[in-house]
Amino acid sequence: MNAVTLEHIVAPDNLKLALDQVMARKAPPGLDGMSAEQLPAWLKAHHSELTQAILSGKYRPMPARRIIRKSGNYHDCLNACDLLVQAAVAQVISQEFADLSPYLSPAEAIDEIEHTAPEFPWLAAINGSAGLGSCNHSKLLQSLSSLGIAGYVVSLIHKMLLNPVSIAGKVGPKTTEGMLSSGPLRPILIDVLFHEFDQIMAERGKSFVRVGACVVIQSKSAKAAERTLANACKFMGKKLFVSVA
């Protein structure tokens, strides 16, 4: 039975675990200026209000504070409450779909590649990270629904995807494509989006590893690697609507 429900998300035990995760992350504060250390006291005072907002569908995330670095890269700082809700949602989804495309760390991916290198010495590397900033919301929501996640939970996640950002104090419009550059929900959303790709690779007997939106596919020959790379990039672009490099 699918346990990804709003009731499960706001369950006291789940919120407590989500709070612990946010505290451990020590992310920089968002527009609310609230630090992770201040969140427990806030949650104690507003627990009922937050729970009712989520259950009634009235919860709305606050704009994220976007920091743009000199390099042109940026980092989105979510407000403490939104970090908590994202962590609570991500936790429930990851628990329900424990076998959903494992999110490997770079070190784990390297170990896996080295282990199979003698049999598959040719590598095709694909970086879809930049494409996440313009990924298609409809496709992502469809992927969530295809897992059997209830519509009201998908709707909650959609609100998070639409969350606008504030740059230098000016709040922009709702984001109609892409996902924020940070947040507890981002890793699981990447796994959901790439789940179809993972299944295709497994069905075709491909040896591959994935770290977020970055994929390394192993092949026995240079020709096979070139062919696999072209097909994989085409699939990501036309089926997942994620541009790759």
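Looking at Pro184 and Gln91, their side chains never come closer than 4.5 Å, going by heavy atoms from C-beta outward. No side-chain heavy atom of Glu196 sits less than 4.5 Å from a side-chain heavy atom of Gln142. Considering only heavy atoms from C-beta on, Ile93 comes within 4.5 Å of Ile157 through its side chain. Between Ile113 and Ile110 the shortest side-chain heavy-atom distance does not fall below 4.5 Å. The shortest side-chain heavy-atom distance between Ile188 and Phe97 does not fall under the 4.5 Å cut-off. Inter-residue side-chain proximity for His195 and Asp191 is flagged as unmet; no heavy-atom pair is nearer than 4.5 Å. Using a 4.5 Å cut-off on side-chain heavy atoms (C-beta onward), Leu144 and His158 make no contact. For the pair Met179 and Ile190, the minimum side-chain heavy-atom distance is below 4.5 Å.
At distances below 3.5 Å, not a single donor-acceptor pair connects side-chain atoms of Ser155 with backbone N or O atoms of Gly151. Not a single donor-acceptor pair under 3.5 Å links the side chain of Asp32 to the backbone N or O of Asn79. Under the 3.5 Å distance criterion, the side-chain polar atoms of Arg60 are left unmatched by any main-chain donor or acceptor of Lys159. With hydrogens and angles ignored, the 3.5 Å screen pairs a side-chain donor or acceptor of Thr175 with a backbone N or O of Asn163. Counting only distance, with no hydrogens or angles, the side chain of Ser182 and the backbone of Asp76 share a donor-acceptor pair below 3.5 Å. In this structure, the side chain of His75 does not engage the main chain of Arg66 through any donor-acceptor pair within 3.5 Å. Judged purely by atom type and a 3.5 angstrom limit, Gln38 uses its side chain to pair as donor or acceptor with the backbone of Ser35.
His46 pairs by the ring-ring contact (aromatic ring centres under 6.0 Å, His included) definition with Trp42, not counting sequence neighbours.
Across every non-hydrogen atom of Asn14 and Ala88, the tightest pair is ND2-O, 3.1 Å. Shown here for His47 and Leu15, the closest heavy-atom pair between the two residues is NE2-CD1, 3.7 Å. Across Cys81 and Leu39, no two heavy atoms sit closer than the pair N-CD1, 4.3 Å. Here the closest non-hydrogen pair linking Pro61 and Asp82 is CA-OD1, 3.3 Å. Between Leu193 and Cys135, the shortest heavy-atom distance links the atoms CD2-CB, 4.4 Å. Taking every heavy atom of both residues into account, Gln218 and Ala117 meet most closely at NE2-N, 4.0 Å.
One hydrophobic cluster holds both Leu180 and Leu141 under the rule that ILVMFWY side chains link at heavy-atom gaps under 4.5 Å. There is a path of hydrophobic side-chain contacts, each under 4.5 Å, that joins Ile200 to Leu229. Placement of Trp122 and Val216 in two distinct hydrophobic clusters is found when ILVMFWY residues are connected by side-chain heavy-atom separations under 4.5 Å, directly or transitively. Follow the hydrophobic side-chain contacts under 4.5 Å out from Val171 and you never reach Ile68; the two are in separate clusters. Both Leu55 and Val85 are assigned to one and the same hydrophobic cluster, defined by single-linkage of ILVMFWY side chains at heavy-atom distances under 4.5 Å.
Using cut-offs of 30° and 60° on the angle between ring planes, the pair Phe197 and Phe235 is tilted.
To the nearest 0.5 Å, the span separating OG1 on Thr176 from CG on Asn136 amounts to 9.5 Å. A distance of 5.0 Å separates CG in Leu132 from CZ in Arg186, rounded to the nearest 0.5 Å. Note that OG1 of Thr51 and CG of Leu6 are 11.0 Å apart. Values are rounded to the nearest 0.5 Å. Taking CE of Met62 as the start and CG of Leu31 as the end, the distance is 6.0 Å to the nearest 0.5 Å. Considering CE of Met201 and CD of Gln199, their distance stands at 11.5 Å, rounded to 0.5 Å. If you take NZ on Lys16 and CG on Leu84, they are separated by 11.5 Å, rounding to the nearest 0.5 Å.
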Quick one, Leu161 with Leu189, criterion side chain to side chain contact (heavy atoms under 4.5 Å, CB included). Give me CA distance, side-chain angles, the key distance, then yes/no.
CA-CA 10 Å; Leu161 289 172; Leu189 288 182; 4.0 Å; yes
Which is it for Gln95 and His8 under the side chain to side chain contact (heavy atoms under 4.5 Å, CB included) test, yes or no, and what are the steps along the way?
CA-CA 11 Å; Gln95 288 173 350; His8 193 182; 4.1 Å; yes
Between Phe194 and Met236, does a side chain to side chain contact (heavy atoms under 4.5 Å, CB included) hold up when you go through it step by step?
CA-CA 8 Å; Phe194 277 79; Met236 288 185 185; 3.7 Å; yes
Taking it one step at a time, do Phe120 and Ile217 satisfy side chain to side chain contact (heavy atoms under 4.5 Å, CB included)?
CA-CA 9 Å; Phe120 302 99; Ile217 308 172; over 6 Å; no
